[in-house]
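The next block holds one structure in the form of structure tokens; read it before the comments.
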Amino acid sequence: MAEERSLNFLEEIIEEDLKAGKYTSILTRFPPEPNGYLHIGHAKSICLNFGLGIKYGGKTNLRFDDTNPVTEDTEYVDSIKQDIQWLGFNWAQELYASDYFEQLYTFATQLIQKGLAYVDDSSAEQIAIEKGTPTQPGVENVYRSRSVQENLALFAEMRAGKYADGEKVLRAKIDMASPNMHMRDPIIYRIKHAHHHRTGDAWCIYPMYDFAHGQSDSIENITHSICTLEFIPHRPLYDWCIEKLEIFPSRQYEFARLNLTYTVMSKRRLLQLVNEKHVTGWDDPRMPTISGMRRRGYTPESLRDFCDRVGIAKRENLIDVGLLEFCVREHLNKIAVRRMVVMDPIKVVITTLAEGFTELVQSENNPEEAEVTYRDIHFSREVYIEQEDFMETPAKKFFRLAPGQMVRLKSAYIIKCEEVVKDAAGNITEVRCSHVPESKTGGANAGMQVKATIHWVSAAHAVPVELRLYDRLFKVENVGAAEGDFKDYINHDSLHIIPNAYAEPALKTGTTSDHYQFLRKGYFCVDKDSTDDTLIFNRTVTLRDTWAKEQKKG
RNA sequence: UGCCCGAUAGUAUAGUGGUAGUACGACAGAUUUUGGUUCUGUACGCCUAGGUUCGAGUCCUGGUCGGGCAACCA
């Protein structure tokens, strides 16, 4: 089943480690900070970390990196857990960096005892100045030479709450002249008199990322700690802590994060979109968040397939959102139930049928199914078809309905346009057609060749529904590379609401499905805003439309 | 001016010294009671200059280009 595929560089490393006997099994982790909702970029990391665990018979922990109480919240913890499970993954253990606060405090004191950490009384500004620049070495200050005893006492006082925020920090004593800025005596503990979502008010000092992440990995015996490229310069510090503390040597590896065309992928920017009401929330169907995509109608399968196809490497990338759309179409084509909905109606009267004529026709629920099932649809003398499926003066290569032309009404009769009725202003109000008798499925004339088959809804039986059509959130491909404020590139036309589309009754009364294909229009799902009175559908993605492409060519 | 990472069709991603593959996209055609699906075909690529070698996308050196690194963020 699994096709022979080349290994990515992480799989190669793991296979070498396993082969060399370095590990008997692997343990990875997914380490989100609970300060925002997960997006498709996180999905790539989730699929990678959990996927590796599954592929090599190992396990994967979920560990919340909650070392900064002022930005973190349990609301985010809950959404993150839900999103991971929805994607289809199970963690071995649910853990929190905050579980290790006591242990991390002990690690810090060990460093102090070894003369490898010191309490610094300098202000943030002073520390920044003394740090130097990438091209200029930093300088050592007077606090750097404090005695072990003094440092131990001071650090204990920090923990005890004797000092205000920012009054003191604990720094690792490494090398103020290092060409790597992160090695210039990085701050490892800071004072924050803040309420933590899990530890409450037990602590007023919190470890920095660099003093929490690697040690957490080590405590859990994580074998392969996988993160994104921007942490490459942190790796020497990651290794330094492990070496000096003499703890389990977890190893950090980095891969390139996902970037998608026509969207943004930073939590900061997504939060801004939410806070400034450019979207309705984190789960707005236009958002690249997992919750937004779920609401939009994307399936876990399609997201996993996408993450698989984008690959894992170290070079920066910008993935065409078209690939995502391909993945969702491919999955939805297999599972979506077919229904007919007319979005922009024009009335067709079939004059050769008796006044009040009505009958039931059968149409397949999904032609892709191994065993095709059918539903009944009311057909009658008056039906709605799409405005765009009729042209009074047809364009070249237009082979839908036009005066004197024939089309098939899906699962019903072939009709021929005989007359166009207009109002005083010259607008077309109605198209009058004749029908070909015996042209239904199984009829004597069913084999007649027509150039097109169009969808329709019986006028008398149509059910009004609301459709929400989404377009890309941004107007430019590479929002990250665009100059100026990213908000200048927001597509203000990204939501188009059709309050009164006409749907076939089966949509309301028939089998309920999570995913529908509205014939020839796209894939849709029911939105949570639906009420007993009004069904609301989100368009997940359109169908491939070669006719639209043809038209663009002009 | 320092350090680090990277560079293969339009976009991604393989190729581990021996014929540059794959996917999406594009284009053309076939099939189709969805201009959907499916199928077939076509076009398009190793950043650059040297070097090592019988042979270099791959190894070495220089250059160019892109990205990152100086939050009491992660």
Side-chain angles (χ1 to χ4, degrees), chain A residues 3 5-8 12 31-33 35 65-68 70-72 120 123-124 127-129 131-138 165-171 178-184 187-192 205-206 208-210 212-213 227-236 254 256 261 267-268 309-320 322-327 329-330 333-334 338 340 363-364 367-368 397-400 407-412 414 439-441 446-447 449-455 477 517-522 542-550:
Chain A
E3 227 166 82
R5 239 198 37 194
S6 55
L7 303 177
N8 65 48
E12 276 177 9
E33 183 188 11
N35 67 347
D65 231 329
D66 55 351
T67 57
N68 186 1
V70 299
T71 58
E72 295 153 6
D120 192 333
S123 67
I127 288 176
I129 291 168
K131 205 151 200 173
T133 70
T135 53
Q136 272 188 311
D165 289 10
E167 215 176 315
K168 285 180 166 48
V169 292
L170 183 70
R171 291 228 252 169
S178 171
N180 182 339
M181 297 295 290
H182 296 276
M183 297 299 270
R184 317 239 266 227
I187 294 168
I188 57 178
Y189 260 93
R190 77 290 216 192
I191 300 169
K192 273 180 195 282
I205 57 171
Y206 293 92
M208 296 285 289
Y209 166 86
D210 285 310
H213 200 101
C227 60
T228 43
L229 257 29
E230 68 269 27
F231 290 98
I232 289 178
H234 293 248
R235 190 177 352 121
E254 311 86 10
T261 56
K267 275 197 246 181
R268 197 193 99 248
R309 286 172 187 266
V310 298
I312 302 295
K314 295 189 77 161
R315 73 184 86 117
E316 314 229 329
N317 58 80
L318 179 62
I319 308 289
D320 187 344
L323 180 63
L324 217 205
E325 294 178 343
F326 166 84
C327 293
R329 283 190 188 110
E330 185 170 64
N333 177 51
K334 293 191 191 111
R338 269 60 168 177
M340 294 201 283
S363 195
E364 62 269 31
E368 302 293 321
K397 291 190 185 174
F398 179 85
F399 33 80
R400 276 111 91 150
V407 293
R408 173 180 290 282
L409 295 177
K410 171 71 181 173
S411 299
I414 292 169
S439 59
K440 262 199 323 184
T441 307
Q449 292 301 307
V450 287
K451 279 192 166 169
T453 297
I454 63 176
H455 63 282
E477 260 200 349
Q517 183 196 110
F518 292 172
L519 234 60
R520 305 205 301 135
K521 299 312 291 184
T542 60
L543 256 33
R544 246 182 100 228
D545 191 345
T546 51
W547 167 238
K549 212 186 298 175
E550 187 68 38

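Note: hydrogens, waters and symmetry copies are ignored here, and every other heavy atom, side chains too, is used. Naming: A, B, ... by sequence-line order, numbering from 1 per chain.
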Which heavy atom of A/Ser363 sits nearest a heavy atom of A/Lys410, and at what distance? OG-CE, 4.0 Å
A/Arg329 versus A/Thr542, closest heavy-atom pair with distance: NE-O, 2.7 Å
Tell me what [X] touches on the nucleic acid: a base, only sugar-phosphate, or nothing, going by heavy atoms under 4.0 Å.
| X | value |
| --- | --- |
| A/Phe518 | nothing |
| A/Arg309 | sugar-phosphate |
| A/Lys334 | nothing |
| A/Leu409 | nothing |
| A/Ile414 | nothing |
| A/Phe399 | base |

Using a cutoff of under 3.5 Å, can you pull out all pairs of nitrogen or oxygen atoms linking the protein to nucleotides 28-32 of chain B, with atom names and distances?
none

Under the salt bridge (charged side-chain N to carboxylate O under 4.0 Å, His left out) rule, collect the residues that match up with [X], sequence neighbours excluded.
| X | value |
| --- | --- |
| A/Glu167 | none |
| A/Lys314 | A/Glu254 |
| A/Lys334 | none |
| A/Asp120 | A/Arg171 |

Contact state string [nucleotides 36-47 of chain B, B base, S sugar-phosphate only, - no protein heavy atom under 4.0 Å]: BS----------
Heavy atoms under 4.0 Å is the rule here; annotate nucleotides 66-74 of chain B 5' to 3' with B where the base is hit, S where only the sugar-phosphate is, and - elsewhere. -S-SB-BSB
Could you measure between the two [atom1] atoms, the one in [N] and the one in [M], and give it in whole Å?
| N | M | atom1 | answer |
| --- | --- | --- | --- |
| B/G63 | B/G2 | P | 11 Å |
| B/C44 | B/A9 | C1' | 5 Å |
| B/C73 | B/U64 | P | 38 Å |
| B/U19 | B/C46 | C1' | 15 Å |
| B/A30 | B/U22 | P | 25 Å |
| B/C4 | B/A12 | C1' | 24 Å |
| B/U58 | B/G51 | C1' | 15 Å |
| B/G45 | B/U52 | P | 29 Å |

Counting a pair only when it is Watson-Crick or G-U and both distances are under 3.5 Å, which runs of at least 3 such pairs involve RNA chain B? B:2-7 with B:64-69, B:10-13 with B:21-24, B:26-30 with B:38-42, B:47-51 with B:59-63
For the pair made of [atom1] in [X] and [atom2] in [N], what is the distance, rounded to whole Å?
| X | N | atom1 | atom2 | answer |
| --- | --- | --- | --- | --- |
| A/Ile319 | B/A23 | CD1 | C1' | 11 Å |
| A/Asn317 | B/C24 | CG | P | 18 Å |
| A/Leu323 | B/U11 | CG | C1' | 9 Å |
| A/Glu477 | B/G25 | CD | C1' | 11 Å |

Residue list, side chain to side chain donor-acceptor pair (under 3.5 Å) with A/Gln136, at least two apart or on another chain: none
By ring pair (Phe, Tyr, Trp, His ring centres under 6.0 Å), which residues pair with A/His455, not counting sequence neighbours? none
Holding to ring pair (Phe, Tyr, Trp, His ring centres under 6.0 Å), I want the full list of residues that pass it with A/Phe326, two or more places apart in sequence or in another chain. none
Rounded to the nearest 0.5 Å, what's the gap from CZ on A/Arg520 to CG on A/Leu543? Could you check? 10.0 Å
Listed partners of A/Thr261 passing side-chain contact (heavy atoms from CB on, under 4.5 Å), at least two apart: A/Leu318, A/Asp320, A/Val321, A/Glu477
Could one point to a donor on the side chain of A/Thr441 or the base of B/U33 with an acceptor on the other under 3.5 Å away? yes
Let me spell it out: for each of A/Leu318 and A/Arg408, pick the nucleotide of RNA chain B with the closest heavy atom. Which residue's pick is nearer the 5' end? A/Leu318
Can you tell which of B/G2, B/U13, B/G35 lies closest to the side chain of A/Ala313? B/U13
So A/Trp547 and A/Phe399, would you call those rings parallel, tilted or perpendicular, with 30° and 60° as cut-offs? tilted
Can you find a side chain N or O atom of A/Lys451 that sits less than 4.0 Å from OP1 or OP2 on B/U33? no
